[in-house]
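Numbers restart at 1 for each chain; the letters A, B, ... are given by sequence-line order, proteins then strands.
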Amino acid sequence: MRPRRGRDHGPVPELPEVESVRRQLAPRVQGRVIRAVAAVPQRRFLGVERAQGRRIEELGRRGKFLIATLSGGHELILHLGMTGMFRFREGGWEPDAYVRATFTLDDGVLDFRDVRRFGRLAVVPAGDYTAVPTLADLGPEPLSEAFTAQGLHRALAATRMPVKPFLLTQRPVAGIGNIYADEALWEARINPRARRVGPERAARLHAAIRAVLTAAIEREGTTFRDYQMVNGASGRNATFLVAYGQQGRPCPRCRAPLTRVVLAGRGTTYCTRCQQR
DNA sequence: CTAACTACCTGAACGC
DNA sequence: TGCGTTCAGGTAGTTA
């Protein structure tokens with residue numbers, strides 16, 4: 001494989017990356033009591049001090065949001081933003097200048113490190129997501145039965161946005177970001193700018209989203225640089241990407257060079273030959 | 001209401 | 001070599 005051309009920006013955590021973090025974090029934090037929370041003053045942290053003294057009952061996930069159910073009817077919402085990661089104060093990890101919050105648990109210390117400060121933390125009444133609008137209006141989990149080809153078709157028919165920007169709103173389905181949007185649209189042979197997606201193409205996109213996310217979860221996510229799991233390991237999906245970041249390379253299906261454009265302000269790579277509107 | 005636009009934030013790559 | 005500029009990204013807030 002040729003090295004990637006251009007800038008080597010780390011992808012933000014999307015559903016497979018967040019799920020991989022959740023799987024490592026959950027057994028370590030479930031049942032633990034949060035003795036103290038220390039956070040740098042930050043607009044994107046909402047009421048984190050309310051987590052103090054509460055027990056973490058369960059660590060779940062919706063889309064790219066981690067949701068810790070706390071005792072006392074509260075939830076701790078965690079979003080990794082672009083560069084957020086969790087590390088325990090052990091195994092050679094020492095906090096650096098990019099640690100934005102520290103949770104002292106009854107059995108250890110957990111750091112939230114976030115270089116670019118796009119991550120979010122919020123403690124809210126359980127189920128009350130008015131302070132987190134994307135979560136309040138989040139689409140179905142892509143790997144659950146609630147996500148159907150028919151429902152996706154209905155959602156696509158009801159918007160006038162091009163299909164890729166619409167996917168990125170999190171409304172038709174939860175957890176899709178820039179990487180897996182490009183990958184799924186390539187797999188489904190749908191142009192990212194398409195505004196009319198009929199039932200047949202919606203069914204292909206539905207299947208492609210599931211396939212792409214399932215494979216990425218099996219490889220514990222995509223790492224270019226920033227994303228790493230709680231144990232510091234990288235995901236293994238980067239070398240399997242077919243579309244994202246592959247501009248100039250031949251399309252694996254038709255051998256035409258993949259094209260990169262900017263769509264709704266986001267880098268978008270696709271095949272102009274087999275992803276037609 | 002929907003959709004489009006912009007701010008946020010930083011370090012690395014770029015380009016002169 | 002050095003330094004200013006550009007760019008990546010998800011979400012929230014604002015505007016049309």
Side-chain angles (χ1 to χ4, degrees), chain A residues 3-19 21 39-47 61-67 77-85 96-101 112-122 124 128-139 142 154-184 192-196 213 216 221-228 235 237-238 241 243-248 260-269:
Chain A
R4 296 177 70 243
R5 297 172 54 213
R7 300 163 194 276
D8 185 22
H9 291 285
V12 312
E14 303 180 30
L15 188 149
E17 292 73 36
V18 178
E19 176 60 17
V21 168
V40 302
Q42 196 148 320
R43 246 179 316 230
R44 290 180 168 91
F45 295 167
L46 176 67
R61 180 191 55 73
R62 276 285 280 133
K64 306 173 196 174
F65 294 88
L66 291 169
I67 303 179
I77 312 294
L78 311 153
H79 195 291
L80 300 177
M82 292 184 64
T83 55
M85 64 179 71
D96 60 15
Y98 303 116
V99 170
R100 314 298 185 191
F112 177 64
R113 179 179 188 266
D114 184 16
V115 172
R116 296 191 193 180
R117 300 176 186 257
F118 274 36
R120 287 161 202 272
L121 307 176
V124 301
D128 178 0
Y129 302 140
T130 50
V132 193
T134 299
L135 181 56
D137 201 22
L138 193 63
R154 274 197 302 271
L156 288 165
T159 185
R160 286 183 295 178
M161 295 178 73
V163 57
K164 181 180 172 182
F166 186 47
L167 289 174
L168 296 181
T169 66
Q170 309 300 300
R171 296 198 303 266
V173 59
I176 306 290
N178 208 35
I179 297 174
Y180 299 112
D182 279 5
E183 294 296 298
R193 295 184 198 272
R195 290 177 195 268
R196 285 201 298 269
L213 295 180
T222 301
T223 296
F224 290 147
R225 190 185 59 228
D226 294 315
Y227 159 68
Q228 56 180 236
N237 195 59
L241 295 180
Y244 179 87
Q246 308 301 309
Q247 57 272 15
R260 183 182 187 277
V261 298
V262 175
L263 175 55
R266 295 294 171 252
T268 298
T269 305

Is a side-chain donor or acceptor of [X] paired with a backbone partner of [Y] at a separation under 3.5 angstrom?
X	Y	result
Gln170(A)	Leu135(A)	no
Gln246(A)	Tyr244(A)	yes
Asp114(A)	Phe118(A)	yes
Glu17(A)	Thr222(A)	yes
Arg260(A)	Thr269(A)	no
Arg61(A)	Gly63(A)	yes
Thr83(A)	Gly81(A)	no
Gln42(A)	Arg100(A)	no
Arg113(A)	Ala97(A)	no

Choose from dG10(C), dA8(C), dG11(B) the nucleotide whose nearest atom is closest to any side-chain atom of His79(A).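 Ranking dG10(C), dA8(C), dG11(B) by closest atom to the His79(A) side chain puts dG10(C) first.
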When you measure from the side chain of Arg43(A), which nucleotide among dT10(B), dC8(B), dG9(C) comes out closest?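 Given the options dT10(B), dC8(B), dG9(C), the side chain of Arg43(A) is closest to dC8(B).
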Regarding Arg171(A) and the six-membered ring of Phe166(A), is the cationic atom NZ or CZ under 6.0 Å from the ring centre and inside 45° of its axis?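 Verdict for Phe166(A): no cation-pi partner in Arg171(A).
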Could you go through nucleotides 2-4 of chain B and list every protein N or O atom that sits under 3.5 Å from one of its N or O atoms, giving the distance for each pair?
from, atom 1, to, atom 2, distance (Å)
dA3(B), OP1, Thr159(A), OG1, 2.9
dA3(B), OP1, Arg160(A), N, 2.7
dA3(B), OP2, Thr159(A), OG1, 3.4

Using a cut-off of strictly less than 4.0 Å, decide whether [X] has a side-chain nitrogen or oxygen near OP1 or OP2 of [N].
X	N	answer
Tyr244(A)	dG9(C)	yes
Gln170(A)	dT11(C)	yes
Tyr98(A)	dG11(B)	yes
Arg260(A)	dA8(C)	yes

Quickly work out the [X] [atom1] to [N] [atom2] distance and round it to whole Å.
X	N	atom1	atom2	answer
Lys64(A)	dG9(C)	NZ	C1'	9 Å
Tyr180(A)	dG10(C)	OH	P	12 Å
Arg266(A)	dA8(C)	CZ	C1'	8 Å
Asp182(A)	dG9(C)	CG	P	9 Å
Arg116(A)	dC7(C)	CZ	P	14 Å
Leu121(A)	dT11(C)	CG	C1'	14 Å
Leu80(A)	dA8(C)	CG	P	22 Å
Arg44(A)	dG10(C)	CZ	P	13 Å

What's the angle between the local helix axes at either end of the helix from dT2(B)-dA16(C) to dC16(B)-dG2(C), using five pairs per end and rounding to 10 degrees?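 It works out to 50° between the end axes.
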Can you find a donor-acceptor pair, distance only, under 3.5 Å between Arg117(A) side chain and dC8(B) base?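 No such pair is found, so the answer is no.
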What are the atom names and distances for every N/O pair under 3.5 Å that joins the protein to nucleotides 12-16 of chain C?
from, atom 1, to, atom 2, distance (Å)
dA12(C), OP2, Thr134(A), N, 3.1
dA12(C), OP2, Thr134(A), OG1, 2.3

From Ile176(A) atom CD1 to Leu213(A) atom CG, the distance as rounded to the nearest 0.5 Å: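 Here the rounded value is 4.5 Å.
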Mind checking the OH-CG spacing from Tyr129(A) to Leu138(A)? Nearest 0.5 Å is all I need.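 One gets 9.5 Å once the value is rounded to the nearest 0.5 Å.
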Select base, sugar-phosphate, or nothing to describe what Gly265(A) touches, counting heavy atoms under 4.0 Å on all strands.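 Here Gly265(A) touches no strand at all.
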When all nucleic acid strands are considered with a 4.0 Å heavy-atom cut-off, which category describes Gly81(A): base, sugar-phosphate, or nothing?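 Nothing: the residue Gly81(A), judged by heavy atoms under 4.0 Å, touches no strand.
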